[in-house]
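Data first, discussion second: the structure below is written as structure tokens.
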Amino acid sequence: MLQTDSNQVGQLIRLQNTLTPLNDNEIAIKYKIQNRRIFLGAESFFFEEGQATLYQNAMYGGLKVDDKGESLLVGLYNENFQYIQPDK
């Protein structure tokens, strides 16, 4: 389970085998454990060649999580919680 703060930043608070019960400000997210590491399924973010400097200061990944706990990485954010917009 992740608990979100006022900036919607999630922090791992516990592991459980089911999607419920949930407390206030908690999100159930599926995970797997390999070699004593937790993986959420959103460990990669691909960007165009030449865009590396734009993303080098990313601090947060933006995840969308559905009601089944499946997550999708939808973008990266800086330390001020601002979405990093790719150059076009």
Side-chain angles (χ1 to χ4, degrees):
M1 293 299 158
L2 300 178
Q3 188 171 48
T4 56
D5 64 16
S6 61
N7 291 309
Q8 295 300 303
V9 174
Q11 182 175 356
L12 182 65
I13 55 169
R14 71 178 177 281
L15 299 177
Q16 65 185 46
N17 293 327
T18 60
L19 297 175
T20 57
L22 286 175
N23 296 316
D24 291 341
N25 297 326
E26 289 184 354
I27 297 172
I29 189 167
K30 286 189 176 178
Y31 64 91
K32 63 181 176 179
I33 298 175
Q34 282 185 312
N35 300 324
R36 299 183 344 171
R37 291 186 59 205
I38 295 174
F39 293 91
L40 302 178
E43 281 78 34
S44 299
F45 184 78
F46 298 99
F47 50 85
E48 286 186 45
E49 186 174 330
Q51 298 287 313
T53 56
L54 179 66
Y55 294 104
Q56 70 185 6
N57 293 323
M59 295 294 292
Y60 302 99
L63 295 177
K64 283 191 176 184
V65 182
D66 68 14
D67 60 352
K68 295 180 178 98
E70 301 288 341
S71 63
L72 176 67
L73 181 65
V74 295
L76 298 178
Y77 294 78
N78 67 21
E79 71 274 2
N80 297 316
F81 311 108
Q82 295 171 326
Y83 175 68
I84 299 173
Q85 182 69 36
D87 296 334
K88 296 283 176 172

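Just so you know, these numbers come straight off a predicted model, no measurement behind them.
With sequence neighbours left out, the side-chain contact (heavy atoms from CB on, under 4.5 Å) criterion links Gln8 to Thr4. Contacts of Gln34 classified as side-chain contact (heavy atoms from CB on, under 4.5 Å), with partners at least two apart in sequence or in another chain: Lys32, Phe39. Remark: Tyr31 engages Leu15, Asn17, Ile33, Ile38, Leu40 in a side-chain contact (heavy atoms from CB on, under 4.5 Å) (not counting sequence neighbours). The side-chain hydrogen bond (donor to acceptor under 3.5 Å, both in side chains) search around Gln16 returns Arg14, not counting sequence neighbours. Residues that satisfy the side-chain contact (heavy atoms from CB on, under 4.5 Å) test with Phe47, not counting sequence neighbours, are Phe45, Gln51, Ala52, Tyr55.
Tracing side-chain contacts under 4.5 Å through hydrophobic residues (I, L, V, M, F, W, Y), one never reaches Tyr77 starting from Leu73; they form parts of separate clusters.
To the nearest 0.5 Å, the span separating CG on Leu12 from CD on Gln3 amounts to 11.0 Å. Between atom CD1 of residue Ile29 and atom CG of residue Leu63 there is a gap of 5.0 Å, rounded to the nearest 0.5 Å. For the atom pair NZ (Lys30) and OG (Ser71), the distance works out to 10.5 Å, reported to the nearest 0.5 Å. The line from CG of Asn80 to CG of Asn57 is 11.0 Å long, rounded to the nearest 0.5 Å.
No more than 12 heavy atoms of other residues, nucleotides or ligands sit less than 6.0 Å from atom CD of Gln11.
Think of Met1 as one node in a network of Ile, Leu, Val, Met, Phe, Trp and Tyr side chains linked at under 4.5 Å; its network also takes in Ile13, Leu22.
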From CA spacing to verdict: side chain to side chain contact (heavy atoms under 4.5 Å, CB included), Leu54, Ile84: CA-CA 8 Å; Leu54 179 66; Ile84 299 173; 3.6 Å; yes
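Although no hydrogens or angles enter the test, the distance criterion places a donor-acceptor pair under 3.5 Å between the side chain of Asp5 and the main chain of Asn7. Looking at Asp66, its side chain does come within 3.5 Å of a backbone N or O of Lys68 through a donor-acceptor pair.
Side-chain atoms of Val74 and Lys64, non-hydrogen and from C-beta on, do get closer than 4.5 Å to each other.
Taking each heavy atom of Gly10 and Leu2 in turn, the nearest pair found is CA-CB, 4.5 Å. What you find for Val9 and Phe81 is that their closest heavy atoms are CG2-CE2, 3.4 Å.
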